[in-house]
Amino acid sequence: MNEYDHKKIEKKWPASAKASAGKQAYNHRIIERKWQHVWDKQKLYATPKNPRKGKKQYVLDMFPYPSGAGLHVGHPEGYTATDIYSRYLRMNGYDVLHPMGWDAFGLPAENYAIEKGIYPKKTTDANIKRFREQIKSLGLSYDWAREVNTSDPDYYKWTQWLFLKLYEKGLAYRKEANVNWCPKDQTVLANEQVINGRCHRCDSEVVQKLLPQWFFKITDYADRLLEGLGKIDWPEPIKLMQRNWIGKSEGAEIGFEIVIPAKAGIQSPIAVEDKSGSPTRSGMTKPNFVFLHAFKGSPSDDFWPWLKKEIEKRGGKVYAPQLPDPAEPDIEEQADFLLKNYKFDSSTVIVTHSLGGVLAMKLLPRLNVKISHLIMVAPPLRTIFLDNKPRPALNKCCDWKFDFKKIKQKAELISVVKDIGDNIVPADQPEEIAGELSARFIEVKAIDPHFHSPKEPELLNVIAPSIKIFTTRPDTIFGATYMVLAPENPLIQNIEYRIENRGEVKEYIEKAKKKTELQRTALEKEKTGVELKGIKAINPATKEEIPIWIADYVLMGYGTGAIMAVPAHDERDFAFAKKYNLSIKQVIAPHVIDMINPPKEGKKNTKRIMVHAIVRHPKENKIISLKWKSQPWQTFVTGGVEEGEDVIKAAEREVREETGYKNLRFVGKLPYTIFAEFFAAHKDVNRAVWANFVMFELVNLEQDEVTEEEKAKHEVVWIDVGEVRKLTPVAEIKYVVVWLERGDTAYTGDGIVLNSDKFNGMDSESAKWEITKFVGGQPKTQYKLRDWLISRQRYWGAPIPIVYCQDCGMQAIPEKDLPVKLPTDVDFRPTGESPLARSKSFNKVKCPNCKKSARRETDTMDTFVDSSWYWLRYTDPKNDKKPFDKLRAHRWCPVDTYVGGAEHAVLHLMYARFFCKALKDMGYVNFNEPFLKLRNQGLILGPDGQKMSKSKGNVINPDDVVAEFGADTMRMYEMFMGPLEDAKPWSTEGIRGVKRFLDKVWRLFEKHGALPHPSPLRDRRGRDGEVASLLDKTIKKVTEDIVAFKFNTAVSAMMILVNEFSALRQAQGVNGIDKKNAETLLKLLSPFAPHLAEELWQKLGHKTSIHREKWPRYDEKLIKEDSVSIVVQVNGRVRATVKVVADSSEEHVKEMAQADSNAKKYLEGKIIKKVVYVRGKIINFVT
RNA sequence: GCCCGGGUGGUGGAAUGGUUUACACAGAGGACUUAAAAUCCUUGACCCUAACGGGUUUGUGGGUUCGACUCCCACCCCGGGCACCA
C-alpha cells in the first residue's frame, strides 16, 4: 500500500495544518482540495482488474444527463449513498466497481443548437467538463478511468452494433405507426414529452400522425419481464408499476358470428325455387348467396357444401346451382341459364370459385341491377396455368376479354381472394383482376392449394366474418347484450357492404381519426358510438341476436379491437348502454353472508325473493325505517315477493300495509339483485334471499290506518338518509350506500351466476372456464405492453444503421462500416423531418449489397437505447473490438446495487431489463436481470417545500453549498435529511447543524492534538463501561444502517457517540480522547465525511489512507447492558420504571415492580388477574 | 375513476406490537465575552397541579389486544403512478 509522504504534502499544502489550528471550526476548503488531489495522484479508487470470485460488488448510479444548468443538489444525494456504500464495502474487503459516465445524447443540446446555433457536441462536452469537476469536488470515489459518454462515436458505434444484432434476431423492425406529432414544433414527440395531450414545450395540442417507425419487439419478453420481477430486490412500488405497465390479463378469446338478421317487408330477390328445394317464404327473406362453382365442378365439390351449411347457420339463404356443361362450359350459355332462373338484386352476394369468377365477370355486365357483393375465390384471368396442363375446353369457353368498367358498376363491393400457395392460377392473375376492378384483395393460405379442401375457414372470414373478442369475464357472457368494434378495426371493411347506414358509420370513423389525443382521453368524456345497422352478432351463449356498434371507447391496440359489452357488469358498457338505451341484463349477483346473523348449521334452508323499499319523505332528507318489536332490528319497509310478481308492485303493497302511506312516486331500483344468506331468527330458519331495493318518494303524507297486526310487529321511525348504514340488512347495505351516493352503477365484482341457464347458481370465478368451454372460446393471455418505438426525428442521437436501396430494399450497414457518424453539415431548424435528411455528406451512401447509391435512414435512436446497456460498457470501457468482453462483463455483472430516481421506474429500468434478456438469448451475457438490488432516491425540494425551479427562485446550487460548508458537510447533510427515498425540503439551518457536528468532531481531536491517553471508560455521570458499550452499539448501528441504506439514522448514531465523547471529555477534564476509540470513530465516519476522516487519521500519526483500513467490528458482549430499565404498567398505563440486573427472573422483576411506590398506589387493594412480562422491556399488571 | 405511498411537536424526522417524539433545526433561559459571533449547559407537546403526580395526544371514527403510531374496518386529507387496457 502506498504511504503518504507527509512532508511533500505539507510542502504543497502548507496552510492545511495551520488554517484550522486553534479554531472552533476546521477549514474544509483546504483540507478537501488537498485530499482530493492526493487520492487522485495515488489512484486510490482504481478498480481491481480481476475481482475475486464472490468478493465482487458492482455499485452503480444512474448516470446523469449533463445539462447546461450544471449539477443539481439532487444528484449528490444518490451519489453519496452509493459512495458511502462502496467505501463501506471496500473496507470490508470487497473488490468494488463504482463508475460514472454521461447520458450525453438528448433533446436539450439540440434545442440549444436550434436557438443559438452552437453545435451540440460543443455544448455537451463543455457541460460534461463542468459536471465532472462538480462531481469530483464532492470527494466521490469513482474510478474515472472507466468514464463512458454515450455521444462518443466509440460508444455509439456499439449502440448501433447492438441495434444490428437485434435486427438480425428479428427484434428490431420497421412499421407504420401512429405517433405523437406537435404541429407547431414540427416534430415527433416521445410519449413522455406529451403532458395531458399537449406538447411539453409549446403547449399546443398533439395530434396522431402515421409514420414509418422503428420498433424493438419488447412484447416478446412481456412474460419474462414480469416473471423476473419476482427474483430481484427492488422497491415494491417500482415493481408494481412495471407489473401494471406490462398489464397481464388472463381471460378468453371468444368468437361471435355475424348474421344477417331477418327482416320483414323486403321482396324476395329470387322468385324461383332453387335446387336444394328450400322454400322461399313470400314477403320475408334474407339476403341471398349465389355460389358459382369451378370448371368440371359441382355444388357438392370442394368447400361448397361446408360453406353452404355455415352460411345457412348464420341465417343466410344459399342458392348453389349446378351449372350446365361443367366439363365443356360455354360461359355465355351459363350466364343465360342464371339470368333465366334467378333474379338478382341489391342484396345478392355472388361467391365464385376459379372459373366461376369468369362466369361472374361475364354475367355482371348483363345485369340491370347492382348486386351487393361479388366474391371471387382464386379467379383466373387468362388460360395460363401453373401446372402447364392443357385445358382446351377453357380456351373456347369464352373470349377471355372483360369489361372491367361495367363489372365495377354492377357490384357494390368486389373481393378477390388469392391462395398464396395456389398451384393452378398464377399469382399475378387474381392480383390483376383486383387491380382492374379496384377490388378488395385478400391473400390467404388455403388448406389445400387452390381451395380444394372440403373446409376453407379463411373463406368464411371473408364471406361471413365472425368477431373475435377478448374478455377477462367470460362468466358474464350471458349478459352480453351488444358488441362494440374499435373505429379502426379492419373488420369493418369486411362487413361494410352489409352495413345499411354506411355513410353515418364512415363519418364516425373519420371523426374518430381526427380526434386529438387530448379529446380522446379528456376527463369524463361522454362516450359516443354508431350502430352498424343491417347486421347483428349472435351471442354464442344465449344464441340471441345482438346489435353491433362502433365506438372509440374500444381501442384497436388492445386485445382484438372488439368487445362483447356486458353493461350490467362493466362500468363503461353500462354508461354506453344507458346513453343509447341498450338492454342491460344482470348475470352476476353480489353474494353476501350476514356476519351478525350468519346461517346456522342444522336449520332449515328457505329461499325467498325479497324487496326492500326505501321511502323518502316528501320534503325532508329522511327515510322510513321499521323498528321491530320482536327482534333487535331496524329495517327498511321490507317483504317477500311472490314468484312472478312485479317487484315494484310488491314494494308498493308492503309500504301501504306496513306504514299506511299510499301516495308513492317510484324513483328507481338498484340495478342489480343481491344474493344474501342469513339466519332469520323470527322464523327460526336459514334464508337465502334475492334482495331487491326500490326507492319511492312520498307525494304527500296522507296515510291509511295500519292494521293492529302490523302495528304489533313494528313501529315506523323516520331516520336521516346518512344513517342508512345502521339499518339491519347489514351485509347488503354497503351496496345501497353506494347506490344512494353515486346512483346507478354496474356491479363489477364476483358473485353468484344467474340468468345463465345451466350455470345458474355457480360462483362466477369457477364459471369462467366452464362457460368459456361452453361457447367454444380459448383461454388467452393479454398484455398492455406495446413495442418500444425507438425512432426519433432528431439530430443529437445515435443514427439508425440502415440504408434503403431501390433495388435491394432495406439493408443493414455491415459491422465494419460502423459507426455511422453524425454529420456536421446540418441545419437544425425543425421542419418535420430529421435534420439528418438535409445533410449532404450523410446521405452519400452506397448500398452494401449492390453498391449502387442508396438512401440512408435519417432517424436517430431514442436515448433510452444508449442507457439500456451502458452498465455493461463500464466493465470494459476501452474495448474497440466489441461492445464489451464477455468475460469481463461476467466478472462484474450483474449490477449488485443500483441507485437513482423513481422517475425511471418503467422506462429505463424496463428497457435495460429487456436488453439484458435479449443479450442473454443471443449469448452475449449469462444472466437474466441487470440490476439485482435497486434503491430510489427522493426529490430534494426547495426550502419552501416546492419542487426547485428557476422561476420559483428556490434553487440551491451545490457549488455554493460546497464552498460555504464543504463537501463532507454537504454529503452528510443530504444523508441526514431523512430516508433516502423520501422527498424532503432543503434547510439552510439544517445543514449548519451538520457542519456544527463535524466541527465538534474536529475539536475532539484538534484542541490538544489527538492524544493517546488511558482509556477512562466512564461516562459523564461516572458510570463505568457505558462508553465502551455505546461505542460498540454505534458500530453495530452504523454497520446495519449502511447495509440497509438507512443513512439518516446512521448519522444520528454517530452524533450521539460524538456528543458522549465530547461531554465525557468536558466532565473529566481530559485532553483528547482515547486513541483506540478515536480511531474507531474516524473509521465509522470515513465513508460519510472522507476528507475530514482522512485529515484526522493522518493527524493521529498514520501514513496510509484511512480508506484502506478495515471496517471496525463490535463485541456483542459489550453491547449487552448489565442493568436494564423495566417499564412498569398497570392496565397498560405506564406508572413507573425500575432498574434491574439484566437477565433478572420474572419473579424478581415482579417483586421490584410491586415495590415501587407509584406502582403500589395503583395496585393497592386490587386483585392482579394477569401479569404480562416482556423480557428486559416491560411488565404489565392487569387488575 | 382505479392502483400505490403517506399523515407523529413550531420544522426535518425517530420508533413496525411494549415508556411516542431518538437525532437535528428553530425557540426560551443561563455560562463565557466590554459586546457580538462561536462554544458549552439547561429547557422543550397540550390541559389540570405550588409540587408529587394525573389526564389528553401519532389525520378522524370504530375494532382486535394486558398493551396499538404499528394489526383490522370505515372515512377525511396530502403526494405519486395509471388513465376508457374489456
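Just so we're on the same page: letters track the sequence lines, and every chain starts at 1.
Between A:K768 and A:E250, no side-chain nitrogen of the basic residue sits less than 4.0 Å from a carboxylate oxygen of the acidic one, so the salt-bridge criterion is not met. Ion pairing between a basic and an acidic side chain is recognised when a charged N comes within 4.0 Å of a carboxylate O; A:D744 and A:K578 show such pairing. For the pair A:D999 and A:K995, the salt-bridge criterion is met [side-chain N within less than 4.0 Å of a carboxylate O].
Between the CD atom of A:E236 and the P atom of B:C3 there is a distance of 17 Å, given to the nearest Å. For A:I1178 and B:A15, the CD1 to P distance is 19 Å, given to the nearest whole Å. Computed from coordinates, the A:I1126 CD1 to B:G67 P distance equals 20 Å when rounded to whole Å. Between A:K984 atom NZ and B:G13 atom P the separation is 8 Å, expressed in whole Å. Nucleotide B:A86 holds its C1' atom 12 Å from the NZ atom of A:K768, rounded to whole Å. A:K1170 places its NZ atom 14 Å from the C1' atom of B:G18, with the value rounded to the nearest Å. Regarding A:E741, its CD atom lies at a distance of 13 Å from the P atom of B:A74, rounded to whole Å. Taking atom CE on A:M977 and atom P on B:C25, their separation rounds to 15 Å, with Å as the unit.
For A:F965 and A:Y973, the ring centers sit 6.0 Å or farther from each other.
In this structure, A:D982 reaches neither bases nor backbone, as no heavy-atom distance under 4.0 Å exists between it and the strands shown. Note on A:I1056: only backbone sugar-phosphate atoms sit closer than 4.0 angstrom, heavy atoms only; bases stay farther off. Heavy atoms of A:V1134 sit under 4.0 angstrom from primed sugar atoms or phosphate atoms, though from no base atom. Among the atoms of the strands shown, base atoms are found under 4.0 Å from some heavy atom of A:Q1129. Within the 4.0 angstrom heavy-atom criterion, no nucleotide atom of any strand lies near A:R1175. Among the heavy atoms of the strands, none lies under 4.0 Å from A:A1053. Heavy atoms of A:Y1173 sit nowhere under 4.0 angstrom from any nucleic acid atom. Base engagement by A:K784 is indicated by at least one non-hydrogen atom pair under 4.0 Å involving a base atom. Using a 4.0 Å heavy-atom cutoff across all strands shown, A:G247 reaches no nucleic acid atom at all. The residue A:K1046 sits close only to the backbone: its heavy atoms come under 4.0 Å of sugar-phosphate atoms, none of a base.
In this structure, of B:A15, B:C23, B:C40, it is B:A15 that holds the atom nearest to the side chain of A:T1049. With B:G54, B:C23, B:A86 as the choices, the nucleotide that has an atom nearest any side-chain atom of A:F470 turns out to be B:A86. Among the nucleotides B:U20, B:C66, B:C3, the one closest to any side-chain atom of A:L240 is B:C3. Proximity note for A:P979 (side chain, C-beta onward) versus B:G18, B:G13, B:C84: the nearest is B:G13. Among the nucleotides B:G53, B:C84, B:A86, the one closest to any side-chain atom of A:I563 is B:A86. The listed nucleotides are B:A15, B:C4, B:G18; the one nearest the side chain of A:K1177 is B:G18. Of the candidate nucleotides B:C3, B:C23, B:C84, B:C23 has the atom nearest to the side chain of A:M1055.
Close to B:A24, at under 4.0 Å from its OP1 or OP2, lies a side-chain N or O of A:N1059. Residue A:R1133 places no side-chain N or O under 4.0 Å from the OP1 or OP2 atom of B:U19. Applying the 4.0 Å criterion to OP1 and OP2 of B:G1, one finds that A:R742 has every side-chain N and O outside that range. Taking only side-chain nitrogens and oxygens, A:N1048 never comes nearer than 4.0 Å to OP1 or OP2 of B:A24. Dashed line: the shortest gap from a side-chain N or O of A:S1052 to OP1 or OP2 of B:G13 is not under 4.0 Å. Distances shown here put every side-chain N or O of A:K1033 at or beyond 4.0 Å from the OP1 or OP2 atom of B:A22. Regarding contacts with the backbone of B:A38, every side-chain N or O of A:R996 stays at 4.0 angstrom or more from both OP1 and OP2.
Here the shortest heavy-atom pairing between A:V554 and A:A486 reads O-CB, 3.3 Å. Taking every heavy atom of both residues into account, A:G749 and A:R473 meet most closely at O-NH2, 3.2 Å. The two atoms that bring A:H569 and A:V587 nearest to each other are NE2-N, 2.9 Å, heavy atoms only.
When the nearest nucleotides of RNA chain B are assigned to A:S249 and A:P985 by heavy-atom distance, the more 5′-ward of the two goes with A:P985. For A:V1051 and A:T560, each mapped to the nucleotide of RNA chain B holding its nearest heavy atom, the one lying further toward the 5' end belongs to A:V1051.
The partner of B:C71 is B:G63, judged by Watson-Crick or G-U wobble contacts that both fall below 3.5 Å. The partner of B:G5 is B:C78, judged by Watson-Crick or G-U wobble contacts that both fall below 3.5 Å. When both distances must be under 3.5 Å, the Watson-Crick or G-U wobble mate of B:A24 is B:U11.
Distance check on atom P: B:U34 versus B:C46 gives 37 Å, rounded to whole Å. To the nearest whole angstrom, the two C1' atoms, one in B:G17 and one in B:C66, are 12 Å apart. Here, B:G79 and B:G59 have their C1' atoms 15 Å apart, quoted to the whole Å. One P atom belongs to B:G6, the other to B:C41, and the distance between them is 37 Å to the nearest Å. Using C1' as the reference atom, B:A45 and B:A36 are 33 Å apart when rounded to the nearest Å. On the C1' atoms, B:U58 is 10 Å away from B:G9, given to the nearest whole Å. If you take atom C1' in B:U19 and the same atom in B:G7, they sit 23 Å apart, rounded to whole Å. The same atom, P, is picked in B:C72 and in B:C4; the two are 13 Å apart, to the nearest Å.
One cannot find a donor-acceptor pair under 3.5 Å joining the base of B:C66 and the side-chain atoms of A:K1169.
With its glycosidic angle more than 90° from 0, B:G6 is assigned anti.
Both the sub-6.0 Å distance and the 45° axial angle are not jointly satisfied by A:K780 relative to the ring of A:F470.
In this structure, a donor-acceptor pair under 3.5 Å is absent between the side chains of A:N244 and A:K784.
Taking the six-membered ring where tryptophan is involved, the planes of A:F576 and A:W549 are perpendicular, since the angle between them exceeds 60° and thus also 30°.
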